[in-house]
Amino acid sequence: MKKKGLTRRAMLSGTAISVIPAASLANSIKEGSPSWMITPGKTFSEYGVPSSQEENIKREIFQPYEEYAPGSGVAMTPLEKLEGIITPNGLHFERSHNGVPNINADQHELLIHGLVDKPLVFKMEDLLKYPMVTKTYFIECGGNSFYNSNAFPIAIDRTCGSIHGLISTSEWTGVSLKTVLNEAGIKKEALWLLAEGADAAAMSRSIPLEKALDDTLIALYQNGERIRPEQGYPMRLVVPGWEGNISIKWLRRIKVTKKPTYTKDETSKYSDLLVSGKTLQFTFPMEVKSVITQPTAGPKPLKKGPVHITGLAWSGLGNIKKVEISTDKGKTWNVAKIEGSNEPLSPVRFRYNWIWQGEECSIESRATDSKNNTQPQRTVWSVKFGLGHLYHNNSIQIWRITPNGKVFNEYDDLAQNEKWSEK
Ligand SMILES: Nc1nc2c(c(=O)[nH]1)N[C@H]1C(S)=C(S)[C@@H](COP(=O)(O)O)O[C@H]1N2
Ligand SMILES: [Mo]
């Protein structure tokens with residue numbers, strides 16, 4: 001089989017990506033050179049912001065109940081405009097059920113109670129005295145990719161970020177939840193805990209004690225600075241690899257319990273309706289997934305010639321074993337290069353060089369994790385769930401490319417789309 005990837009030789013002998021013209025800016029500095037080369041630059045700033053030319057790199061806001069509950073909704077990370085694996089703090093996705101509370105960090109308290117030897121209250125200054133850990137983890141909302149879920153039986157034309165932008169990654173620093181629980185002393189019969197936020201949604205979830213004692217963090221810092229108000233200032237849980245909802249922001253209370261509490265947020269929501277009419281509950285891990293972030297749907301048409309395909313892959317069950325790319329509607333798959341340290345519960349960036357000859361085609365990525373789970377096709381994923389179901393969609397994203405270079409969101413089974421559209 002002929003390899004479709006672009007070799008270094010082909011890259012060098014093919015279309016040159018950039019050439020240096022004789023009258024380049026670099027050749028000489030003289031009168032008439034751009035002002036930034038011949039006049040002193042702006043002085044210092046206390047807190048930097050991106051270049052004004054990058055102003056259009058923003059989160060996309062979606063407030064479905066804008067009139068009566070404007071604080072319920074999402075702001076999605078513009079994945080197609082970012083590189084690497086870390087999300088800049090100002091672009092970390094936001095999912096809030098009742099707005100961002102304006103918490104006074106000095107007054108904020110974290111209560112640990114329930115099945116403990118001695119209930120404790122921690123102020124911020126108390127937590128800062130404990131040993132800290134730093135870990136790079138993604139947070140993905142259980143409802144990520146809802147535009148490609150069973151709630152949308154026909155593929156709609158949206159950008160990568162506005163379909164998949166409910167995943168972001170930070171380097172989180174904080175105190176292990178285990179440290180704090182051990183300080184209070186866990187009673188023998190304890191098996192679960194309840195975590196609750198200080199926001200007006202009082203978001204609360206039950207967490208198995210095993211996960212709480214394993215890798216769950218009380219995060220205080222995000223990418224080196226105190227976590228942003230949108231991310232849970234002054235403290236939040238990061239329950240790595242599990243559906244984002246359980247990573248309670250603005251954490252105010254942990255109650256150690258024997259059984260799950262069955263809160264509103266884990267009964268009426270964040271449960272998975274099957275076709276049988278039964279519902280799955282406590283489906284915590286976000287399963288293996290990947291998405292091509294470039295090239296992707298957007299205003300700029302794709303140009304013929306060398307194309308650098310790149311994207312993100314992650315798994316809530318381990319790390320990434322491989323990412324494969326297909327450029328021929330899934331007939332053949334080629335292994336992409338994976339970058340970075342590939343830590344568990346942290347994404348990798350994948351890269352694959354390709355030459356687009358201008359044919360009608362589609363590009364898609366398929367990730368496999370260290371537990372040998374592979375991303376399903378959308379049809380395989382969707383048939384398990386009822387119409388309207390949207391959580392835990394880890395199916396393969398297909399980008400269709402038309403001969404004029406327009407890139408579209410596409411589903412793998414058009415017949416299935418039609419079947420649903422009749423309903
Ligand atoms: N207290 C509280 N915690 C919360 C939420 C909330 O509305 N209130 N939203 C949850 C949901 S659904 C998700 S996906 C993540 C999102 O975290 P982020 O906004 O920092 O991206 O926080 C979770 N924790
Ligand atoms: Mo979420």
Side-chain angles (χ1 to χ4, degrees), residues 59-65 69-79 82 86-103 108 110-111 137-147 149 151 161 164-172 174 194-207 216-223 225-254 263-272 283-286 289 314 316 347 389-394:
R59 294 186 281 225
E60 190 178 340
I61 297 171
F62 181 62
Q63 291 161 289
Y65 322 106
S72 172
V74 290
M76 308 178 89
T77 298
L79 295 174
L82 301 176
I86 298 289
T87 314
N89 288 350
L91 294 174
H92 192 287
F93 88 85
E94 269 183 87
R95 168 72 176 113
S96 297
H97 293 68
N98 204 0
V100 176
N102 185 13
I103 295 177
H108 182 80
L110 168 62
L111 167 69
Y137 290 133
F138 71 82
I139 293 180
E140 183 183 18
C141 178
N144 195 20
S145 315
F146 62 88
Y147 277 122
S149 72
H164 304 290
L166 296 181
I167 171 161
S168 298
T169 301
S170 297
E171 185 197 81
W172 301 101
L194 171 75
E196 188 181 275
D199 53 334
M203 170 67 60
S204 43
R205 288 292 307 257
S206 305
I207 306 174
T216 302
L217 270 185
I218 301 173
L220 308 172
Y221 293 84
Q222 173 185 7
N223 296 325
E225 63 180 3
R226 293 293 299 279
I227 57 177
R228 293 282 170 103
E230 298 90 324
Q231 264 65 63
Y233 183 87
M235 58 183 77
R236 80 169 304 160
L237 283 186
V238 174
V239 186
W242 286 16
E243 58 184 14
N245 185 260
I246 205 163
S247 285
I248 299 293
K249 303 193 276 188
W250 314 295
L251 182 69
R252 66 169 283 267
R253 180 165 80 106
I254 291 199
T263 70
K264 69 181 190 313
D265 305 302
E266 58 202 15
T267 47
S268 71
K269 289 181 156 221
Y270 302 99
S271 53
D272 310 325
T283 49
F284 296 124
M286 296 307 290
K289 186 162 170 181
W314 63 94
H389 169 78
L390 50 81
Y391 299 126
H392 292 274
N393 181 0
N394 69 328

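When a ligand or atom number is given, it counts from 1 through the structure's own listing order. Just so you know, these numbers use all the heavy atoms, side chains as well, and skip hydrogens, waters and symmetry mates.
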Is the side chain of D265 donor-acceptor paired with the backbone N or O of S204 at a distance under 3.5 Å, no angle test? yes

Point to revise | Donor-acceptor pair, side chain of Q222 and main chain of Q231, under 3.5 angstrom | key: no

Nitrogen or oxygen of [X] less than 3.5 angstrom from that of ligand 1:
X: F93; answer: yes
X: H97; answer: yes
X: K249; answer: yes
X: W250; answer: no
X: H92; answer: yes

Note the single closest protein heavy atom to [atom], along with its residue, its atom name and the distance in Å.
atom: atom 10 (C) of ligand 1; value: N245 CA, 3.7 Å
atom: atom 9 (N) of ligand 1; value: R95 O, 3.1 Å
atom: atom 15 (C) of ligand 1; value: G244 O, 3.4 Å

How close do [X] and [Y] get, counting heavy atoms only, and between which atoms?
X: I139; Y: G244; answer: CG2-CA, 3.9 Å
X: W242; Y: M286; answer: C-CG, 3.9 Å
X: Y391; Y: S271; answer: CD1-O, 3.3 Å
X: N89; Y: R59; answer: O-NH1, 4.1 Å
X: A195; Y: L237; answer: CB-CD1, 3.7 Å
X: K249; Y: R95; answer: NZ-O, 2.9 Å

In terms of atom number and element, which parts of ligand 1 are under 4.0 angstrom from non-hydrogen atoms of [X]?
X: E94; value: 19 (O)
X: G197; value: 1 (N)
X: Y270; value: 12 (S)
X: C141; value: 14 (S)
X: D199; value: 1 (N), 2 (C), 6 (C), 7 (O), 8 (N)
X: Q231; value: 18 (P), 19 (O), 20 (O), 21 (O)

- prompt: Is the closest side-chain donor-acceptor distance between H392 and E243 under 3.5 Å?
  reply: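 E243 and H392 do have a side-chain donor-acceptor pair below 3.5 Å.
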
Report task. Classify the side-chain pair T87/T77 by whether it contains a donor and acceptor separated by less than 3.5 Å. Result ->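 No pair is found: no donor N or O on one side chain lies under 3.5 Å from an acceptor on the other.
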
Sub-4.0 Å heavy-atom contact, [X] with ligand 1:
X: R228; answer: no
X: S96; answer: yes
X: S247; answer: yes

With heavy atoms and a 4.0 Å threshold, my read on which part of R236 contacts ligand 1 is side chain

| query | So do E196 and I248 actually touch side chain to side chain, heavy atoms under 4.5 Å? | reply | no

